*Asks:* 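Starting off with a structure, shown below.
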Amino acid sequence: MKYITLPDSVGQRRLSFYLAMEEFAARHLDEPELFFLWQVRPSVIFGRNQLLESEVNVDYCRQHGIEMYRRKSGGGCVYADEQNLMLSLITSSQDVGFAFQQFTGMVLLVLRRLGVEAVSTSHNDVLIGGRKVCGTACYHLPGRSVVHSTLLYDTCMEHMLNAITPGPEKLQQKGIQSVRQRITLLKDYVPQTLDEVKACIRQTLCKGERVLTSEEVAAIEQLEQTYLKEEFINLIP
């Protein structure tokens, strides 16, 4: 499996760029399996079948500069920032069960390499000590599957708990403490820094790399615009 690398001139981008990068790689790069890691500014990302206003605390996000994006895979709404990792796998498998199994197997392999005991669930989550550290989602393109996830190394818990909670009623129903009890942070189980974990993931899973050209980056930027259109973000499923 090859690792997709951006040119040195390309700095950190919005979350929408990396969604477009996944799709571009799936549609146009002639490799059976590709993988890359990415990090973003504080953002929420919600699934293709979700209503923005029902899943995201829009007022809180606007007040705190948290960006909001829709992805093309299903699943729930998640919060991401520079302290956690986003993982993307592009595979030739068109069987959703196999694609999920392959991806969670990769995450478990990395965690074992880091000395952490973890398990996967029937919902394609990865748990440490019974608490979620990684969730996954998937969608299909012709001849390809795109699987992506958020790996919680660390995060701003306040933003996570409030940005994806629509209002006081739902917050009261769930309870902040119950949310804390359902998730865990990888940093609490490993001595490695975030950069060291990133290096371990790449070394464990990938051989070789595929460096994108400036023309390919430009094509990704063009594709990114489809993710930024108001009619896509506010799509009624």
Side-chain angles (χ1 to χ4, degrees), residues 6 9-24 36-88 132-137 148-180 182-188 193-195 197-198 217 220-237:
L6 288 163
S9 59
V10 178
Q12 187 185 66
R13 298 297 185 93
R14 295 175 293 192
L15 190 148
S16 52
F17 176 87
Y18 300 104
L19 296 178
M21 183 171 161
E22 294 174 330
E23 183 176 345
F24 176 86
F36 67 100
L37 299 166
W38 39 292
Q39 293 164 270
V40 291
R41 298 185 294 265
S43 306
V44 291
I45 176 173
F46 51 101
R48 66 168 180 249
N49 298 317
Q50 293 186 305
L51 290 170
L52 171 62
E53 299 289 345
S54 298
E55 302 297 332
V56 181
N57 187 338
V58 175
D59 289 340
Y60 181 89
C61 289
R62 288 173 176 164
Q63 291 168 9
H64 293 85
I66 299 171
E67 300 167 5
M68 295 167 279
Y69 301 96
R70 182 186 294 279
R71 62 181 186 268
K72 294 186 177 180
S73 59
C77 182
V78 297
Y79 169 80
D81 57 31
E82 296 94 336
Q83 299 177 76
N84 56 43
L85 291 175
M86 311 297 282
L87 289 69
S88 295
K132 183 175 176 179
V133 73
C134 178
T136 61
H148 40 210
S149 85
T150 302
L151 179 62
L152 288 172
Y153 178 85
D154 195 3
T155 193
C156 175
M157 192 67 68
E158 181 179 354
H159 284 348
M160 171 180 281
L161 297 175
N162 289 285
I164 61 175
T165 305
E169 182 180 350
K170 188 172 182 181
L171 181 61
Q172 185 177 8
Q173 290 173 353
K174 285 186 159 184
I176 289 179
Q177 191 58 37
S178 68
V179 175
R180 289 181 183 271
R182 291 199 303 271
I183 66 170
T184 193
L185 302 174
L186 183 57
K187 71 168 188 175
D188 294 334
T193 65
L194 180 56
D195 284 341
V197 170
K198 289 166 61 177
V217 172
I220 293 169
E221 291 170 338
Q222 184 174 0
L223 180 59
E224 179 189 9
Q225 297 308 307
T226 64
Y227 287 88
L228 297 172
K229 289 183 177 179
E230 185 175 347
E231 55 264 37
F232 177 73
I233 294 174
N234 295 305
L235 177 70
I236 299 177

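Not measured: the values here are computed from a predicted model.
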*Asks:* Who passes side chain to side chain donor-acceptor pair (under 3.5 Å) against Thr150, sequence neighbours left out?
*Replies:* none
*Asks:* State the CE-CD1 distance between Met157 and Ile183, to the nearest 0.5 angstrom.
*Replies:* 4.0 Å
*Asks:* Passes side-chain contact (heavy atoms from CB on, under 4.5 Å), His159 versus Asp81? Steps please.
*Replies:* CA-CA 9 Å; His159 284 348; Asp81 57 31; 5.7 Å; no
*Asks:* Arg70 side chain to Phe46 main-chain N or O, any donor-acceptor pair under 3.5 Å?
*Replies:* no
*Asks:* Between Val40 and Leu15, what is the shortest heavy-atom contact and its length?
*Replies:* CG1-CA, 3.7 Å
*Asks:* State whether Arg13 and Glu224 are salt-bridged, where the test is any N-O pair (Lys NZ or Arg NE/NH1/NH2 against Asp/Glu carboxylate O) under 4.0 Å.
*Replies:* no
*Asks:* Consider side chain to side chain donor-acceptor pair (under 3.5 Å). Of Arg14, Arg62, Arg41, which one does Glu67 pass it with?
*Replies:* Arg41
*Asks:* In sequence, state the C-alpha distance, the side-chain angles, and the governing distance for Leu6 and Val217, and then conclude on side-chain contact (heavy atoms from CB on, under 4.5 Å).
*Replies:* CA-CA 8 Å; Leu6 288 163; Val217 172; 4.1 Å; yes
*Asks:* Within the structure provided, determine whether Phe232 and Thr226 are in side-chain contact (heavy-atom separation under 4.5 Å).
*Replies:* no
*Asks:* Minimum heavy-atom separation for Ala163 and Tyr79, please, with both atom names.
*Replies:* CB-CD1, 4.3 Å
*Asks:* From Leu19 CG over to Met86 CE, what is the distance, rounded to the nearest 0.5 angstrom?
*Replies:* 7.5 Å
*Asks:* For Leu37 and Leu87: C-alpha separation, side-chain torsions, deciding distance, then whether side-chain contact (heavy atoms from CB on, under 4.5 Å) applies.
*Replies:* CA-CA 5 Å; Leu37 299 166; Leu87 289 69; 3.6 Å; yes
*Asks:* I'd like to check Trp38 versus Glu22 (side-chain heavy atoms, cut-off strictly below 4.5 Å). Are they in contact?
*Replies:* yes
*Asks:* Can you name the closest pair of heavy atoms from Ala20 and Leu223 and give their distance?
*Replies:* O-CD2, 3.4 Å
*Asks:* Could you walk me through whether Gln12 and Gln39 pass the side-chain contact (heavy atoms from CB on, under 4.5 Å) test, one step at a time?
*Replies:* CA-CA 8 Å; Gln12 187 185 66; Gln39 293 164 270; 4.2 Å; yes
*Asks:* For a 4.5 angstrom cut-off between non-hydrogen side-chain atoms, does Gln222 reach Phe24?
*Replies:* no
*Asks:* I'd like to know if Glu23 pairs up with Lys72 as an ion pair, taking the criterion as any Lys NZ or Arg NE/NH1/NH2 lying under 4.0 Å from an Asp or Glu carboxylate oxygen.
*Replies:* yes
*Asks:* Strictly distance-based, threshold 3.5 Å: is any side-chain N or O of Glu55 a donor or acceptor partner for the main-chain N or O of Gly76?
*Replies:* no
*Asks:* Tell me whether the rings of Phe36 and Tyr18 are parallel (<30°), tilted (30 to 60°) or perpendicular (>60°).
*Replies:* tilted
*Asks:* Side chains of His64 and Pro42: closer than 4.5 Å at any heavy-atom pair?
*Replies:* no
*Asks:* Show the nearest heavy-atom pair for residues Val197 and Leu85, with the distance to one decimal.
*Replies:* CG1-CD1, 4.2 Å
*Asks:* Testing the basics here: between Ser43 and Tyr69, what is the closest heavy-atom pair and its distance to 0.1 Å?
*Replies:* OG-CE1, 4.0 Å
*Asks:* Could you state the interatomic distance from CG (Asn57) to CG (Leu161), rounded to the nearest 0.5 Å?
*Replies:* 11.5 Å
*Asks:* Hey, are the side chains of Leu152 and Thr184 touching, using non-hydrogen atoms and a 4.5 Å cut-off?
*Replies:* no
*Asks:* Under 4.5 Å between any side-chain heavy atoms of Val133 and Leu151, yes or no?
*Replies:* yes
*Asks:* Would you say the side chain of Met68 lies within less than 4.5 Å of the side chain of Val58, judging by non-hydrogen atoms?
*Replies:* yes
*Asks:* Using only heavy-atom distances, determine whether the side chains of Lys187 and Gln83 contain a donor-acceptor pair under 3.5 Å.
*Replies:* no
*Asks:* Where do Ala137 and Ser73 come nearest, in terms of heavy atoms and distance?
*Replies:* CB-OG, 3.4 Å
*Asks:* May I ask you to decide if Glu158's main-chain N or O and Asn162's side chain share a donor-acceptor pair within less than 3.5 Å?
*Replies:* yes
*Asks:* If you round to the nearest 0.5 Å, how far is CG of Leu194 from CG of Asn84?
*Replies:* 8.5 Å
*Asks:* Say you draw a straight line from SG of Cys156 to CD1 of Ile66; how long is it, rounded to the nearest 0.5 Å?
*Replies:* 7.5 Å
*Asks:* Inspect the surroundings of CD in Glu82 and state if more than 12 heavy atoms from other residues, nucleotides or ligands are less than 6.0 Å away.
*Replies:* yes
*Asks:* Counting distance only, does the side-chain N/O of Arg71 pair as donor-acceptor with the main-chain N or O of Ile45 below 3.5 Å?
*Replies:* yes
